[in-house]
Amino acid sequence: GGWYILEVQSKLNGNVVNTTSLNRVGVGEVFIIAGQSNAQGIEGDNGEVGASDERVLSHNEVSWYDDGLNKCDTKFPNYPSLSTIFSSGGTRSYVSKTGLNPWCYGKLGDNLVSRLGVPVVFFNAGAISSSSQNWKESSDGLGTLNHYSGLQYCNAVGVPYNGLKKVLNYYASIFGARAILWHQGESDNYAQFSQSTAESYLNSVINKSRTSLGSNISWVVSKASMFDKSTNGGLGNANQNIINAQNAVINNTNKIFSGPSTDDLLGSYRSDLVHFYGSGLIELANRWDAALSADFFSNATPI
């Protein structure tokens, strides 16, 4: 792993007759992001920070998103040109395929690059408002209903899972991947799924992702359920059934690793008792960094 200048020489009769070089050739870590809005990131200024290290990279493009009208652009991304994840002067980079801004990934990338000494790339397939049921049903090629609007998610069958499938088949097939980073559970809380229901849905999505990629890609599952139902004095509402389901899915021998616990991040850490904001994004990045430990890298076999 590292960050290199690649030099190519041509020789004739033992003599160098031409030389050319390509700067910034990276060999490092690749992560795929999936889940709902706290994985995808939300539009606007959320106090997020870009990366300070140029080796924290993504494809600066959005080619799928929910525009609030349940209509989505579901095309493949353009040919990938990687650039540093940034946020400066009100301008923010995207994290293709769905990431609307750097969210916590600029900071997380800085942490990982500092620790590992190699470049780190993120690709995002998160989908706002999505539940594990939406992911499971769409992974079966079905239409699925948005729990908040009651409308078919994105007015298309196979969504949101098709976004993840495209990221896996497109980016991961080119660059490889270490793992899928999953942050989801808020909508499962809203829908009041039982532990067994949420567990079954998530296990199904994990298995389908491995079928789509044709490889046993590792997953890192966060423990998240916080959703404001305005019934707890403005303190938000966690759901232990959802946390129990996520803990039950985590199984290191099956390459499903424990991600960060985030339900305790309240107050100024969030903008609306659901979405992280400012210092909350920094803390979220730090907790993801802690979850991606040396033990994780020793056991999560990269694709």
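Throughout, residue positions are numbered sequentially from 1 according to the sequence presented.
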Asks: What residues form a ring pair (Phe, Tyr, Trp, His ring centres under 6.0 Å) with Trp288, not counting sequence neighbours?
Replies: none
Asks: Of the non-hydrogen atoms in Thr301 and Ser218, which two are nearest, and what is the gap between them?
Replies: N-OG, 3.8 Å
Asks: Give a yes-or-no answer on whether the side chains of Thr253 and Asn251 include a donor-acceptor pair shorter than 3.5 Å.
Replies: yes
Asks: Not counting sequence neighbours, which residues clear salt bridge (charged side-chain N to carboxylate O under 4.0 Å, His left out) with Glu137? List them please.
Replies: none
Asks: Name all pairs fulfilling the salt bridge (Lys or Arg N to Asp or Glu O under 4.0 Å) condition that reach into residues 188-213, sequence neighbours left out, sorted by first residue then second.
Replies: Asp140-Lys208
Asks: Does Trp182 have any ring pair (Phe, Tyr, Trp, His ring centres under 6.0 Å) partners at least two apart in sequence or in another chain, and if so, which?
Replies: Trp135, Trp219
Asks: Sorted by first residue and then second, give each salt bridge (Lys or Arg N to Asp or Glu O under 4.0 Å) pair with at least one member in residues 269-287; sequence neighbours left out.
Replies: Asp264-Arg287, Glu283-Arg287
Asks: Once salt bridge (charged side-chain N to carboxylate O under 4.0 Å, His left out) is applied, do any residues pair with Asp110, and if so which ones, sequence neighbours excluded?
Replies: none
Asks: Is the backbone of Ile217 close enough, under 3.5 Å, to the side chain of Ser215 for a donor and an acceptor to pair up by distance?
Replies: no
Asks: Please tell me whether Phe123 and Phe175 form a close aromatic pair, meaning their ring centres lie under 6.0 Å apart.
Replies: yes
Asks: Measuring from atom OG of Ser58 to atom CZ of Phe122, what distance do you get when rounded to the nearest 0.5 angstrom?
Replies: 9.0 Å
Asks: Measure the spacing between CG of Asn124 and CD1 of Ile33 and express it to the nearest 0.5 Å.
Replies: 4.0 Å
Asks: Verify, without hydrogens or angle tests, whether Tyr105 (side chain) and Gly50 (backbone) share a donor-acceptor contact under 3.5 angstrom.
Replies: no
Asks: If I compare all heavy atoms of Ala125 with all of Val167, which pair ends up nearest, and what's the gap?
Replies: CB-CG2, 4.0 Å
Asks: Just by distance, no angles: are the side chains of Asn203 and Asn207 close enough, under 3.5 Å, to form a donor-acceptor pair?
Replies: no
Asks: Taking salt bridge (charged side-chain N to carboxylate O under 4.0 Å, His left out) as the test, write out the residues that go with Asp53, two or more places apart.
Replies: Arg55
Asks: So how far is it from Lys136 NZ to Ile206 CD1, rounded to the nearest 0.5 Å?
Replies: 14.0 Å
Asks: Report yes or no: does Glu48 contribute a side-chain atom to a donor-acceptor pair with the main-chain N or O of Leu281 at less than 3.5 Å?
Replies: no
Asks: By ring pair (Phe, Tyr, Trp, His ring centres under 6.0 Å), which residues pair with Phe257, not counting sequence neighbours?
Replies: Phe296
Asks: Quiz question: by atom type and distance under 3.5 Å, do the side chains of Tyr171 and Ser96 form a donor-acceptor pair?
Replies: yes
Asks: Report yes or no: does Ser130 contribute a side-chain atom to a donor-acceptor pair with the main-chain N or O of Ala127 at less than 3.5 Å?
Replies: yes
Asks: So how far is it from Ile32 CD1 to Lys97 NZ, rounded to the nearest 0.5 Å?
Replies: 12.5 Å
Asks: Does anything in residues 10-39 pair up under salt bridge (Lys or Arg N to Asp or Glu O under 4.0 Å), and if so which pairs, sequence neighbours excluded?
Replies: Arg24-Glu54, Glu29-Arg178
Asks: Taking the side chain as every heavy atom from C-beta outward, state whether Asn189 and Met226 have any atom pair closer than 4.5 Å.
Replies: no
Asks: Ignoring hydrogens and geometry beyond distance, is a side-chain donor-acceptor pair present between Thr197 and Ser194 at under 3.5 Å?
Replies: yes
Asks: Going from OG on Ser258 to CG on Asn252, what distance comes out if it is rounded to the nearest 0.5 angstrom?
Replies: 8.0 Å
Asks: Has the side chain of Ser225 got a donor or acceptor atom that lies under 3.5 Å from a matching backbone atom of Ala238?
Replies: no
Asks: Minimum heavy-atom separation for Gly106 and Val56, please, with both atom names.
Replies: O-CG1, 4.1 Å
Asks: Not counting sequence neighbours, which residues clear salt bridge (charged side-chain N to carboxylate O under 4.0 Å, His left out) with Glu7? List them please.
Replies: none
Asks: Is it true that the side chains of Ser83 and Asn60 contain a donor and an acceptor less than 3.5 Å apart?
Replies: no
Asks: Enter the distance from Tyr277:OH to Ser271:OG here, rounded to the nearest 0.5 Å.
Replies: 8.0 Å
Asks: Does anything in residues 114-131 pair up under salt bridge (Lys or Arg N to Asp or Glu O under 4.0 Å), and if so which pairs, sequence neighbours excluded?
Replies: Arg115-Asp289
Asks: Any sub-3.5 Å donor-acceptor pair from Thr91's side-chain atoms to Ser87's backbone N or O?
Replies: no
Asks: Under a 3.5 Å distance rule, please check whether Ser37 uses its side chain to pair with a backbone N or O of Gln40 as donor and acceptor.
Replies: no
Asks: Could you pull out all residues at least two apart from His147 that satisfy ring pair (Phe, Tyr, Trp, His ring centres under 6.0 Å)?
Replies: Phe193
Asks: Is the backbone N or O of Gln184 less than 3.5 Å from a side-chain atom of Gln36, with the two atoms forming a donor-acceptor pair by type?
Replies: no
Asks: Just by distance, do the side chain of Asp263 and the backbone of Ser261 share a donor-acceptor pair under 3.5 Å?
Replies: no
Asks: Would you tell me whether Glu61 and Asn78 have side-chain atoms, one donor and one acceptor, within less than 3.5 Å of each other?
Replies: yes
Asks: Under 3.5 Å, side chain of Asn38 to main-chain N/O of Phe276, donor-acceptor pair present?
Replies: yes
Asks: Kindly give the heavy-atom pair with the smallest separation between Ala285 and Lys107, and that separation in Å.
Replies: CB-CG, 3.5 Å
Asks: Is a donor from one side chain sitting under 3.5 angstrom from an acceptor on the other, for Ser114 and Asn111?
Replies: no
